[in-house]
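Below: one structure, written as C-alpha cells.
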Amino acid sequence: MTYAAITGWGKCMPPSVLTNADLATFLDTDDEWIVSRTGMRERRVSHVSAIEMSVVAARRALACAGLDAGDLDLIVYGSCSNDEQVPNSASGVQVRLGAARAAAMDVNTACTSFLYGLSSATALIRTGAVRNAVVIGVELILPYMDWSNRNVAVLFGDGCAAVVLQASEREEGVVAQKLGCIADARQTLRVRGMGCTYANRNVMLGDTQWDFDGQEIFKRAVHGMGQASADVLAAAGVAPADIDLVVPHQANLRIIESVVKRTGIPMERVMLTVQRYGNMSAATVPVALVEALEEGRVQPGALLLMPAFGAGLTLCSHLVRWGERVTPLATSDAELPPPDKTALELVNAIRAQKVGAQERSGPGLMAARLAETM
Ligand code: UT7
C-alpha cells in the first residue's frame, strides 16, 4: 500500500504586524472586545502577492524535504483569494519555482482549501499517479476586506505555508479524513465584489461587501467540525486520548475551545496561532502545523487531528500520522523583500483604493451592481 508522507514544511509570514490598536484608529472597536470575543491580538498584512509568499514557503518546504523543484510532480495551491482567475495561481508558482515537470492546480474551498488540497494530493499519490507534491495554503485576503465593517475587518490576516508530500510504503500522512459541506448555510458567508460575476459588471477590485452572519457561522462551525472529528475518530478506531496534537483552523479561540471540548481533548494538546495571526483562511492550518514543528510539539510517530471549516460552509477533519523525522533536512535562503510601509500604512492604502473605486463608479451604481448579483 502506498501512503503520502509529509516530509517537508515551510511557512512565509509577511512581517508587517497589524495590532488591535491599529484597527481602532479607523474602526469603532477596541482591544478588549476583539481579545475577549476572538482571542486575536494581532495579524499580518502582506506587501507582496500571494504567489510570492507561496514561492518562499514552497522553497522552504522543499529544502526541508531535501528535494529540488525539478523533483515535483504536482503543485496544489489552496486559496480563495487568487491573484488572478486565469491563468491559475499554481502555474505561477510552478514557473517561479522552476518545477518544470509538475502539474499545477488550484483548490478553492475557502478556509478549508489547504486541507482539501492535502486530500487531493494524497489521493493522487496513493493511486500512483504522482510521487512528489507540494501543497500550499495561502491567503492574501486583506485587499478584499470591507474595512468599514467591524464585524469582519478585525478577524482576518494574510499568510502562507506549504508542505511536501512524498510516496511512502509506511503508514504516514493522512490516514483518515471526513469531508463535507453544509450548503444550506452558504449564504452566511459571501464576499460580494470578489469574483468573475462582479468583474463582469464593472465592480472594481476592493469594493467588497461581506455578508457575514457571525453567530450562525459560529454555531455551524462548532457542530460541523465537532461531528467531522467524531466521525473520523470513529472510522479510524482512534480514541480522543490517542490524539497527540490538534492543529485546528484558527477562526476564533472560542470556536476552537468548543470543538475540542466536544471531541474530548484538553486544550493543552491544541496548537494555537489565532492570537498572533488571526484567521488566515486557507493558511491557518499549515502555518500552525509548521510552528508546532518549529516549537518541538510534534514528536516522531505523533497522531494529529486537523479540523476546519470555511465558506460554503465546507468542513473537514483530517487524521495525520507523522513520520520519524521532525526536523528539516536543510533550510532555504528564500526571503521576501522587506516592506517599505507599516501594516497600518498598507491597510490605509487599501482603504484609499476602495474609496477611489467607489468615487470612479459612484456609490449608488456600485451598490446596485453588487445587489444584482445576489
Ligand atoms: O473562517 C470562517 C470565518 N467566519 C468566522 O470565523 C465567524 C465565526 N463567528 C465568530 O467568530 C463570532 O460570531 C464573531 C467574533 C464574528 C462575533 O462574536 P459574537 O460574540 O457572536 O458577537 P456578536 O456578533 O453577537 O456581536 C455582539 C456585539 C454587537 O453589538 P450589540 O448589537 O450587542 O450592541 C456587535 O455590533 O458586538 C458588536 N461588535 C463589535 N464591537 C466592537 C461586533 N464587532 C465588533 C467589533 N468591536 N469589532
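All ligand and atom numbering here is 1-based and tracks the order in the structure.
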Inset, instruction - Could you identify which residues cluster with Val134, counting Ile, Leu, Val, Met, Phe, Trp and Tyr as linked when any side-chain heavy atoms lie under 4.5 Å apart, either directly or through a chain of such contacts? - result: Val48, Ile51, Met53, Val55, Val56, Leu62, Leu67, Leu72, Ile75, Tyr77, Val93, Leu97, Ile136, Val138, Leu140, Val164, Leu336

Legend entry - Arg220 with Asp184: basic N within carboxylate O range, under 4.0 Å: yes

Legend entry - Pairs flagged by ring pair (Phe, Tyr, Trp, His ring centres under 6.0 Å) wherever residues 268-303 is involved - sequence neighbours left out: none

Inset, instruction - List in chain and number order the residues that pass ring pair (Phe, Tyr, Trp, His ring centres under 6.0 Å) with Phe156, two or more places apart in sequence or in another chain; answer none if no residue qualifies. - result: Trp210

List ligand 1's nitrogen or oxygen atoms that come under 3.5 Å of a protein nitrogen or oxygen, with the partner atom and distance.
residue, atom, partner, partner atom, Å
ligand 1, 1 (O), His249, NE2, 3.1
ligand 1, 1 (O), Asn279, ND2, 2.9
ligand 1, 9 (N), Gly214, O, 3.0
ligand 1, 11 (O), Asn252, ND2, 2.7
ligand 1, 13 (O), Gly214, O, 3.2
ligand 1, 18 (O), Arg254, NH2, 3.4
ligand 1, 20 (O), Arg37, NH1, 2.9
ligand 1, 20 (O), Arg254, NH2, 3.0
ligand 1, 22 (O), Arg37, NH1, 3.2
ligand 1, 25 (O), Gln215, NE2, 2.4
ligand 1, 36 (O), Arg150, NH2, 2.9
ligand 1, 37 (O), Trp33, NE1, 3.0
ligand 1, 41 (N), Trp33, NE1, 3.3
ligand 1, 41 (N), Arg150, NH1, 3.4
ligand 1, 44 (N), Asn151, OD1, 3.4
ligand 1, 47 (N), Thr29, OG1, 2.6
ligand 1, 48 (N), Thr29, OG1, 3.1
ligand 1, 48 (N), Arg150, O, 3.1

Inset, instruction - Nearest 0.5 Å please: distance from the CD atom of Glu291 over to the OG1 atom of Thr273. - result: 6.5 Å

Inset, instruction - Would you please test Thr7 and Gln166 for side-chain hydrogen bond (donor to acceptor under 3.5 Å, both in side chains) and show each step? - result: CA-CA 7 Å; Thr7 59; Gln166 287 185 262; 2.7 Å; yes

